[in-house]
Number of protein chains: 2
Amino acid sequence: MDLDGVRTFLLVAELGRLQDAAPELGITQQAASKRLRSLERRLGATLFTRTPRGLRLTVDGQAFAPHARELVLAADRAVRSVGSVDRAIRVDVTNRRIAPAVAVEDFHRACPISNWTS
Amino acid sequence: MDLDGVRTFLLVAELGRLQDAAPELGITQQAASKRLRSLERRLGATLFTRTPRGLRLTVDGQAFAPHARELVLAADRAVRSVGSVDRAIRVDVTNRRIAPAVAVEDFHRACPISNWTS
DNA sequence: GGGGATTACGTCTAGCGTAATTATG
DNA sequence: CATAATTACGCTAGACGTAATCCCC
């Protein structure tokens, strides 16, 4: 499951036309069309009714929309959850011959933390 | 953003070893390793500490885990939201010469619904 | 004919699997 | 040495863009 397709769905549902939504997403109209087709194929349902004046949500699309919004919000929260932690220090330990290095390394093994190089 | 990587993350975080998680996901150990690397690259953070006995969560990984669970649950709800709606009828209107067809077609234009053929 | 979406097609990147490599205990 | 993860490499499927096509006002 790809979230880019879900974001495409939401923007197209809001704007009603691929031509408006596609530039916003940094892709072409054709790519947006294929994203929606791919999403519909994945879900096994038709999300939009295609008209020569744009796209309108089907009942499936209307049912999917709120869940899609919740989904992208959850994704944004998940992305924000990393990197926001205050990093204390960053120490590279390569020489085990000196006592402080051993002490730091022991602490490293006892309490693993990210951004260590080894 | 790809949810398969998030599901891989959760299973590896639970089981602690790629070898156990990979078959569960229907992929090889190497593919699981690359999925995690891809996810970490996407997030810009290291989620696991690699050891010769398996993988352990870093602080970033611990912070990401609950959001990841919420994310996959939201995805499952979103997928279930389509197709569960009760379908009432399905009518193909091709002949505009008869009055009932016109009436149905007008209703169609006023209130689009999925599963129409045109 | 004009605006809008789709299809066709070439290209390019991402993801997987098999096999070989590295690293730890 | 055994175990577990990584890297190398070839392959296939998916995604994008350009160009051409279809469809309804």
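With hydrogens and angles ignored, the 3.5 Å screen pairs a side-chain donor or acceptor of B/Glu40 with a backbone N or O of B/Leu47. No donor-acceptor pair under 3.5 Å is formed between the side chain of B/Ser38 and the backbone N or O of B/Lys34. Formation of a donor-acceptor pair under 3.5 Å by the B/Thr46 side chain with backbone atoms of B/Phe48 is not found in this model.
Counting to the nearest Å, the C1' atom of D/dA5 and the CG atom of B/Leu47 are 16 Å from each other. Atom-to-atom, CG of A/Asp2 to P of D/dA13 comes out at 19 Å; the value is rounded to the nearest Å. Remark: P of D/dA15 and CG of A/Leu25 are 15 Å apart, rounded to the nearest angstrom. Whole-Å rounding puts the B/Arg50 CZ to C/dA23 C1' distance at 14 Å. Going from atom CD1 of A/Ile27 over to atom P of D/dC16 covers 6 Å, rounded to whole Å. The CZ-C1' distance, from A/Arg37 to C/dA8, rounds to 15 Å in whole Å. In this structure, B/Leu39 places its CG atom 14 Å from C1' of C/dG15, rounding to the nearest Å. We find that CZ of B/Arg41 is positioned 13 Å from P of C/dT13, with the value rounded to whole Å.
Two residues are said to be in side-chain contact when any heavy atoms from C-beta on lie closer than 4.5 Å; B/Leu71 and A/Glu70 fail this criterion.
At the heavy-atom level, B/Gly26 lies under 4.0 Å from the strands shown only through sugar-phosphate atoms. Using a 4.0 Å heavy-atom criterion, one finds that A/Gln30 contacts the bases of the nucleic acid, with or without backbone contacts as well.
Using a 4.0 Å cut-off, some side-chain N or O of A/Arg35 falls inside it from OP1 or OP2 of D/dC16. Close to C/dC16, at under 4.0 Å from its OP1 or OP2, lies no side-chain N or O of B/Thr28. One finds a side-chain N or O of B/Arg17 lying less than 4.0 angstrom from the OP1 or OP2 phosphate oxygen of D/dA4. Dashed line: the shortest gap from a side-chain N or O of A/Ser33 to OP1 or OP2 of C/dT6 is under 4.0 Å.
If you find the closest nucleotide of DNA chain C to A/Leu55 and to A/Lys34, the one lying nearer the 5' end belongs to A/Leu55. Residue A/Asp4 is the one, among A/Asp4 and A/Pro52, whose nearest nucleotide of DNA chain D lies closer to the 5' end (criterion: closest heavy atom).
Checked by distance alone, B/Gln19 brings no side-chain donor or acceptor within 3.5 Å of a matching partner on the base of D/dA4.
Side-chain atoms of B/Ala31 lie closest to C/dC16 of the nucleotides D/dA15, D/dT6, C/dC16.
For the pair A/Thr49 and A/Thr58, the tightest heavy-atom approach, listed with the atom from each and the gap, is CG2-CG2, 3.5 Å.
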